[in-house]
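Worksheet for the structure shown next.
Along the sequence shown, residues carry numbers from 1. Both ligands and their constituent atoms are indexed starting at 1 by order of listing.
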Amino acid sequence: MLIDVIAGARPNFIKIAPIIEAIENQRKAGTDISYRLVHTGQHYDKKMSGDFFTQINIPAPNVNLEVGSGTQAEQTGKIMLGYEALLMKEPCDLCIVVGDVTSTMACSIAAKKTNNIKVAHVEGGIRSGDWTMPEEINRLVTDSITDYFFTTSQVANNNLIKSGVDQSKIFFVGNTMIDTLYKQMPHFIQPAFWDNYQLHDKAYIIMTLHRPANVDDAGKLKELVQEIINSSNNLPVIFPVHPRTAKILTTTGIIAPNLHLIEPLSYLEFNYMVKHAKAVITDSGGITEEATVMGIPCMTLRDTTERPETCTLGTNELLGTDPRNIAPAFRKLFVGDWKRGEIPPLWDGHTAERIVKNIVQIFGLK
Ligand code: UDP
């Protein structure tokens, strides 16, 4: 059985690494199973793509569709055309898509419409309810044609059931992003700037911002960053800037002695920084999960989350996008009132093994 594993953007690479490893282990144990890694090229620069392959030992892609940058529709169209052409020449038996990026949606559509290839969605069923987020549209479209849902939470299971998905298609397995986190934790790397910026354990803030609602308007972005600087008790604020944000941030001209704008970090460096931080401030989805597992206070500059367990169980709190909510959250942090949190069920480092075991069973592989 040939499984296509699709990856296109930064969070995807972290999620597919353990799936590929689990497929390989199953193949080595004699099962008739193999994979083809399809990189769509949605993220293509070294800092957002190549470095992850070398650093967390993801094998080189078997195919690269090299779609490059573009609008939502341009990228969707290019990925569908490229993946359809591949499937027409060399079909697969199952297409695994992960997460919620454009590649997730585009490849699931191409697979279903090319000989009705079965689609498995890893991280299926999560919903923010916010239809202005491109990711939410990707989730809704992908899940409407998915055959097998591998889910990260009971909330995701309930969302799927509410939308009419049959229970037999839902497999609650946990979180593959956390498989990678546990595996790589012993290998985290202290970045070279640690000494230059005179950083100390639990005495700096690490932040990321890349959602359109926060970064597409220069005035809004400047206000948010300024408020974070004002609230941070002069602790260093380390801000690895996503390429999307970089374009706009340079126009704001924002500077402060304790604000360090840097390029996106490699995975092992970034998570070192999270693990040793006083707090994380972000609008990412995946980072709220990683912060939860590492027990680091996490402030999310969004009104909604598709990962509610990071708030109900974990260390995450939604501050919304109003800059006025930032100072009170920092005050709570500095008086030591931040919740401690616990790790959500099945986020135990063995999710990918469970996914592959289920696939072996579903397809009756020998
Ligand atoms: N990440 C990284 N370097 C950075 C920022 C993030 O390696 O400078 C990793 C982070 O640890 C997580 C993933 O990128 O595994 C999250 O990606 P992103 O925030 O782009 O996507 P989202 O989770 O919001 O979809």
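- Ring centroids of Phe53 and His39 are separated by less than 6.0 Å, placing the two rings close together.
- Distance CZ/Phe270 to CD1/Ile238: 11.5 Å, rounded to 0.5 Å.
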Could you list the donor-acceptor pairs under 3.5 angstrom formed by side chains in residues 60-69, with sequence neighbours left out?
{"from": "Asn62", "atom 1": "OD1", "to": "Leu37", "atom 2": "N", "distance (Å)": "2.7"}
{"from": "Asn64", "atom 1": "OD1", "to": "Glu66", "atom 2": "N", "distance (Å)": "2.8"}
{"from": "Ser69", "atom 1": "OG", "to": "Tyr44", "atom 2": "OH", "distance (Å)": "3.4"}

List below, pair by pair, the N or O atoms of ligand 1 and of the protein that are less than 3.5 Å apart, including the distance to 0.1 Å; reply 'none' if no pair qualifies.
{"from": "ligand 1", "atom 1": "3 (N)", "to": "Leu265", "atom 2": "O", "distance (Å)": "2.7"}
{"from": "ligand 1", "atom 1": "8 (O)", "to": "Leu265", "atom 2": "N", "distance (Å)": "2.8"}
{"from": "ligand 1", "atom 1": "11 (O)", "to": "Asn271", "atom 2": "ND2", "distance (Å)": "3.1"}
{"from": "ligand 1", "atom 1": "11 (O)", "to": "Glu290", "atom 2": "OE1", "distance (Å)": "2.7"}
{"from": "ligand 1", "atom 1": "11 (O)", "to": "Glu290", "atom 2": "OE2", "distance (Å)": "3.3"}
{"from": "ligand 1", "atom 1": "14 (O)", "to": "Arg10", "atom 2": "NE", "distance (Å)": "3.4"}
{"from": "ligand 1", "atom 1": "15 (O)", "to": "Glu290", "atom 2": "OE1", "distance (Å)": "3.4"}
{"from": "ligand 1", "atom 1": "15 (O)", "to": "Glu290", "atom 2": "OE2", "distance (Å)": "2.6"}
{"from": "ligand 1", "atom 1": "19 (O)", "to": "Ser284", "atom 2": "OG", "distance (Å)": "2.8"}
{"from": "ligand 1", "atom 1": "20 (O)", "to": "Arg10", "atom 2": "NE", "distance (Å)": "3.2"}
{"from": "ligand 1", "atom 1": "20 (O)", "to": "Arg10", "atom 2": "NH2", "distance (Å)": "3.0"}
{"from": "ligand 1", "atom 1": "23 (O)", "to": "Ser284", "atom 2": "OG", "distance (Å)": "3.3"}
{"from": "ligand 1", "atom 1": "23 (O)", "to": "Gly286", "atom 2": "N", "distance (Å)": "2.7"}
{"from": "ligand 1", "atom 1": "24 (O)", "to": "Arg211", "atom 2": "NH2", "distance (Å)": "2.5"}
{"from": "ligand 1", "atom 1": "24 (O)", "to": "Ser284", "atom 2": "OG", "distance (Å)": "3.1"}
{"from": "ligand 1", "atom 1": "24 (O)", "to": "Gly285", "atom 2": "N", "distance (Å)": "2.9"}

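- Here Arg27 pairs with Glu24 in a salt bridge; the nearest charged N to carboxylate O distance falls below 4.0 Å.
- Taking the side chain as every heavy atom from C-beta outward, Glu123 and Met177 never approach each other to under 4.5 Å.
- A salt bridge links Arg211 and Glu135; the closest N-O separation between the charged side-chain nitrogens and carboxylate oxygens is under 4.0 Å.
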